[in-house]
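I have a structure I would like to understand better, so I am pasting it below and will then ask my questions one at a time.
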Amino acid sequence: MSKLGNLGARLHRGEISYDFVGKRKIWYGVSILITITAILGLAVRGLNMGIEFQGGAVFTTPTSMSTSVAQAETYAKEASGHDAIVQKLGNGSLRIQIAGIDTDKSDQIKQTLAKDLNLNPEKLAADLVGPSWGEQIASKAWQGLGIFMVLVVIYLAIAFEWRMAVAALVALIHDITITTGIYALVGFEVTPGTVIGLLTILGYSLYDTVVVFDSLKEQTKDITKQTRFTYSDIANQSINGTLVRSINTTVVALLPVAGLLFIGGGFLGAGTLNDISLSLFVGLAAGAYSSIFIATPLVADLKEREPAMRALRKRVLAKRAQAASGEDLAEAPAGDEPGEATPAVVGPRNQPASRTRGRGRPSGKRR
């Protein structure tokens, strides 16, 4: 068995564990700090909305253009008076996006661009995009997101309980906020592909959370009939028992997405991959984090407020205190009078003392 598999088996059996729930205040603080940073990024920089949401024109040059991307950006900005996004496609052509222009101005920009690029205007393809199409996409995305959230809450409330539904909803909002905040800070363009990626990560985030919740539900059956563990203890066991599985599934999902983002978008220059790959990469990582450090500790916090769980916690702590005091008494001297010596006991604790054979006679065979 590999080291990771051996670690997972030991975590599942409870031989080793890390106190995720006990340190939940640290994770809450880290999440709040990240969320505030994301919100500030959205408020200060805002999202770089693509042409599909703002409207504008897209110009495509013929293949094998000798003009560089930087030169094309300069030409487009001078011709339109707006910032332009230029991407070099796989066949060598250039894709020039200019947002916020109408039909009349696009014809004028096309003539100027063709002249600067030494092209026949008829060879410079132009496509106009209206902002209404982007608004429809955004509206449908918000509707889909709202329906998804409602269905998630209903399903978790029925399959598990309402506290788990609330915790999962908080984790999903946490993931969405962080992902959109990263987009604002990085400045990547928000396109319909971004919206698709954002909706996709919700399923991955919910999957990791439900895996932990299912283990927690199974282990907390008849929890009040025992006095060994509190609800928080069992919640921590559930996280540790599924930890390696969550890490494995997240890493396997992140590897191809990282290839799209860093190799396809970074080294190969396929900028059209950045919009969906960044949302998937950040969302998958945030989803794995929230399922371990946010959702389950939050469920433990909510459950510990129940009267039955508070009573259980008092019983468990009282039994542990009693056990600790019993150990202290066992290790303390047993003499009643001051100065009375207590013989040392060698061997395992609680081993009964050997009985003497006969009265006052040494042990041995009778002659």
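Keep in mind the model is a prediction, meaning the values are calculated, not measured.
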Salt-bridged, K303 to D233, with N to O below 4.0 Å?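 Salt bridge flag = no for D233 with K303.
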Mind telling me whether H174 and Y289 have parallel, tilted or perpendicular rings, with 30° and 60° as the class edges?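 Ring orientation of Y289 relative to H174: parallel.
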Please round to the nearest 0.5 Å and tell me the distance separating atom CD1 of I173 and atom CE of M149.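 Between I173 CD1 and M149 CE, I get 5.5 Å after rounding to 0.5 Å.
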From the options N236, T220, I234, select the one residue that forms a side-chain contact (heavy atoms from CB on, under 4.5 Å) with F229.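 Checked N236, T220, I234 against F229; only one passes side-chain contact (heavy atoms from CB on, under 4.5 Å): I234.
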How many angstroms lie between OG1 in T37 and CD1 in I178, if you round to the nearest 0.5 Å?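 That separation rounds to 9.5 Å.
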R313 bridged to E304 by N-O distance under 4.0 Å: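 Salt bridge between R313 and E304, a charged N being under 4.0 Å from a carboxylate O: yes.
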Using side-chain heavy atoms (C-beta onward) and a distance below 4.5 Å, is M309 in contact with T224?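 Yes. Closest side-chain heavy atoms under 4.5 Å.
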Side chain proximity check, T67 to D116, heavy atoms < 4.5 angstrom: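 No - every pair of side-chain heavy atoms lies 4.5 Å or more apart.
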Do NZ/NE/NH1/NH2 and the carboxylate oxygens of K217 and E161 come within less than 4.0 Å?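 The answer is no: the pair does not qualify as a salt bridge.
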Report yes if the side chains of L172 and F148 come closer than 4.5 Å at any heavy-atom pair, otherwise no.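 SC-SC contact between L172 and F148 confirmed.
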Do N248 and R245 have side-chain heavy atoms sitting under 4.5 Å apart?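 No - every pair of side-chain heavy atoms lies 4.5 Å or more apart.
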So I98 and I96, side chain to side chain contact (heavy atoms under 4.5 Å, CB included) or not? Walk me through it. CA-CA 7 Å; I98 304 175; I96 305 171; 4.2 Å; yes
For V282 and I201, run side chain to side chain contact (heavy atoms under 4.5 Å, CB included): C-alpha distance rounded to whole Å, both residues' side-chain angles, the deciding distance at 0.1 Å, then the answer. CA-CA 9 Å; V282 176; I201 64 173; over 6 Å; no
Over all atoms of both residues, closest heavy-atom pair of T250 and D208: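 Minimum heavy-atom separation between T250 and D208: OG1-OD2, 3.6 Å.
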For G181 and L42, work out which heavy atoms get closest and say how close.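 Scanning both residues, the minimum pair turns out to be CA-CG, 4.1 Å.
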Y207 side chain to T249 side chain, donor-acceptor N/O pair below 3.5 angstrom: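 Y207 vs T249: no donor-acceptor pair found between side chains.
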What I'd like to find out is whether the side chain of P62 reaches to under 4.5 Å of the side chain of L119, using heavy atoms alone.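 P62 vs L119: side chains touch.
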May I ask you to decide if the ring planes of F188 and Y183 are parallel, tilted or perpendicular, using 30° and 60° as cut-offs?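 The arrangement is perpendicular - the two ring planes meet at more than 60°.
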Do V30 and V170 sit in one hydrophobic cluster, given that two such residues count as connected whenever their side-chain heavy atoms are within less than 4.5 Å of each other, even indirectly?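 They do share one cluster, since a chain of ILVMFWY contacts under 4.5 Å joins V30 to V170.
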Distance-only polar pair, side chains of S290 and D175, donor-acceptor under 3.5 Å: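 The criterion, which ignores hydrogens and geometry beyond distance, is satisfied for D175 and S290.
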Is the shortest side-chain heavy-atom distance between L156 and V210 below 4.5 Å?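 With C-beta onward as the side chain, the pair touches.
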Are Y231 and D301 close enough that a side-chain donor and a side-chain acceptor fall under 3.5 Å?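 No.
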State whether a side-chain donor-acceptor pair under 3.5 Å links Q219 with S215.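 Yes.
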With a 4.5 Å cut-off on side-chain heavy atoms, are L312 and Q226 touching?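 Yes, at least one pair of side-chain atoms sits under 4.5 Å.
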